[in-house]
Peer 1: 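Before we start, here is the structure in question, set down as structure tokens.
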Protein chains: 2
Amino acid sequence: MSPESGTPTEIVAVGRELLTGRTVDTNSAWIAARLTDLGAFVARIVAVDDEPAAIAGEIAGARRRGAALVITTGGLGPTLDDRTLAGVAAALERRLVEHPDALAFVARRYAELAATGAVADAALNPPRRKMARLPEGAEPVDNAVGTAPGVLLRDGARALLALPGVPAEMRAVFDAALPRLRQCLGAPAHVAEREVASGSGDESVITVAVERVMDTVPGVYLKSLATAFAPDCDLRVRITARAATRTEAEALVARAAERLAAELARLR
Amino acid sequence: MSPESGTPTEIVAVGRELLTGRTVDTNSAWIAARLTDLGAFVARIVAVDDEPAAIAGEIAGARRRGAALVITTGGLGPTLDDRTLAGVAAALERRLVEHPDALAFVARRYAELAATGAVADAALNPPRRKMARLPEGAEPVDNAVGTAPGVLLRDGARALLALPGVPAEMRAVFDAALPRLRQCLGAPAHVAEREVASGSGDESVITVAVERVMDTVPGVYLKSLATAFAPDCDLRVRITARAATRTEAEALVARAAERLAAELARLR
């Protein structure tokens, strides 16, 4: 399975807390799993500081490398160090302009929060208003959990989606944007996956069988799941196939599993 | 606190499993936390596929950006898709050559494993031998947990450290390499950190106080820890300071905490 069979995408996670190790970047793994299940392939995940220049550099690089979709996460909130959209605007050479629908969204969310007492008032103060300043030509995406709208920017067949960094908000905005992403994700590929026991704890032996299967069953990807060595260890091998239909992907996995069992038996 | 006050470092995590979201990259967070505690700052964390060209591109980019230390994790094992050292060699324009000490290490580890029955034999077959092929001029680093040695490459004041991807091995090799990293990490900075309650659930309000503290207490970094809104939510603010001594760093944090309390009181 060549990853190139899916739409190339990249993820840019923004936030100093990722670089100090205070926060583990679970957002990128979640987004990567969703994109993979949708048949895209993620070529690269990068975490950078809350610096527009660093963010812009990563986005520009991703587009130069041919990413059809770039997803950022983090840095959309009301605080001074939420600067992802400044980075997006710089990368795509656009101005940041107040978007009427985004402002209406922010106003509605703060009105709702003020009604429940979660915030003191619904005034559109500068930090709140800031969340409605989007790169020119972008569309806001509903955020059912927080107050910062997501931001979708489509140009031709390519797109950029900026998601919040709070995990529940990130997931909600991803799902809200999904119908509008389908076009740039192309025809969905189907991925089938199976983990099998190898009967061995020695990766240096299993690798010979794994390589033979990948050489003889085109379209599948095998990976032995390395762990610590132990006499009673039974290393597992993950078999993944990607194809136009689920049936086809599953047939490839079944063929590879059968072949792997035969190769492993030969090594014993 | 400017991150530039520490030694600039970058982390390159290698492995398709990170890009499909099957594995959350906890290794990079662990390394980042260790480097931060040692007074360095991590400018960037990137995850790429098991492709020498992609790996080489990230390492070369990190060094171009001025990283004094680049740490890779993953891709040192015996399997065909363990290709990190090929990427390192390409980035630094060196050949891969069998290193006698590395080969002795691999031989010793497999002899130990064969003695306990964890592997069938201790023969130095090609996949095992591959782990001893290091970029010219590199030194192996002991791996007390697995069979692949870590790899340290020092040139002048800069260094590159390649760690395994299995977390327990990664941690063991990092600790084994640490005495040899001190030189490129420079004088250790001391980091003090405290989390305080803000008494508010509204980040768009807290941000005003946070910004005032950062403007008036140089050398500290404050971050409100965004979560979902809720009427009973009390957002926490993390205060971090970095200084030449622990006493100095703690004094900065105390001053910022006092100032923050005053600013928050003014907003009520």
Side-chain angles (χ1 to χ4, degrees), chain A residues 3 16-26 28-34 36 41-49 54 77-81 113 116-120 125 127-128 145-147 165-166 168-169 201-205 207-208 210-211 221 223-224 226-231 233, chain B residues 3 16-26 28-34 36 41-49 54 77-81 113 116-120 125 127-128 145-147 165-166 168-169 201-205 207-208 210-211 221 223-224 226-231 233:
Chain A
R16 169 103 37 113
E17 66 278 17
L18 303 171
L19 301 174
T20 58
R22 294 293 175 271
T23 301
V24 173
D25 184 12
T26 54
S28 292
W30 187 90
I31 297 165
R34 289 297 304 272
T36 303
F41 91 93
V42 177
R44 197 161 164 282
I45 298 172
V46 66
V48 290
D49 204 1
T79 73
L80 191 69
D81 67 355
L113 290 165
T116 66
V119 299
N125 58 28
R128 293 174 180 174
V145 178
T147 57
V166 173
E169 298 187 37
D202 186 353
E203 210 176 16
S204 72
V205 168
T207 188
V208 178
V210 161
E211 285 163 29
Y221 175 74
K223 188 166 185 81
S224 56
T227 51
F229 280 87
C233 171
Chain B
R16 170 100 39 109
E17 66 278 18
L18 303 170
L19 301 174
T20 59
R22 293 294 174 268
T23 301
V24 174
D25 183 12
T26 53
S28 292
W30 187 90
I31 297 165
R34 289 296 304 271
T36 302
F41 91 93
V42 177
R44 196 161 164 281
I45 298 172
V46 66
V48 290
D49 205 0
T79 73
L80 191 69
D81 65 355
L113 290 165
T116 66
V119 300
N125 58 28
R128 292 174 181 173
V145 179
T147 57
V166 173
E169 298 187 37
D202 186 353
E203 211 177 14
S204 72
V205 168
T207 188
V208 178
V210 161
E211 285 161 30
Y221 175 73
K223 189 166 183 82
S224 55
T227 51
F229 280 87
C233 170

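Only heavy atoms go into these numbers, but all of them, side chains included; no hydrogens, no water, no symmetry mates. Numbers restart at 1 for each chain; the letters A, B, ... are given by sequence-line order, proteins then strands. Owing to the predicted nature of the structure, the values given are computational and were not obtained by experimental measurement.
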Peer 1: With a 4.5 Å cut-off on heavy-atom pairs, point out which of B:L80, B:V24, B:V48 contacts chain A the most.
Peer 2: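 Top count of heavy-atom pairs under 4.5 Å with chain A: B:L80.
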Peer 1: Pick one of side chain, backbone, both or neither for A:V210, based on which atoms fall under 4.5 Å of a heavy atom in chain B.
Peer 2: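 A:V210 has no heavy atom closer than 4.5 Å to chain B.
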Peer 1: Do you know which of A:A47, A:A120, A:P127 has the most heavy-atom pairs under 4.5 Å to chain B?
Peer 2: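 Highest number of heavy-atom pairs under 4.5 Å: A:A47.
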Peer 1: Looking at A:L19, A:D49, A:T20, which hits side-chain contact (heavy atoms from CB on, under 4.5 Å) with B:V42?
Peer 2: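 Per the side-chain contact (heavy atoms from CB on, under 4.5 Å) rule, the option paired with B:V42 is A:L19, out of A:L19, A:D49, A:T20.
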Peer 1: Roughly how far apart are B:S224 OG and A:D81 CG, rounded to 0.5 Å?
Peer 2: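 One finds 7.0 Å between OG of B:S224 and CG of A:D81.
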Peer 1: Looking at B:A29 and A:T23, what are the two nearest heavy atoms and their distance?
Peer 2: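 So the two residues come closest at CB-O, 4.4 Å.
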Peer 1: Are B:R128 and A:D202 close enough that some pair of their side-chain heavy atoms sits under 4.5 Å apart?
Peer 2: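 The answer is yes; the side chains approach within 4.5 Å.
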Peer 1: Measure the CG-CG distance between A:L18 and B:D25 for me, rounded to the nearest 0.5 Å.
Peer 2: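 Here the interatomic distance stands at 10.5 Å.
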Peer 1: Which distance, rounded to the nearest 0.5 Å, do you find between the CD of B:E17 and the NZ of A:K223?
Peer 2: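 The CD atom of B:E17 sits 4.5 Å away from the NZ atom of A:K223.
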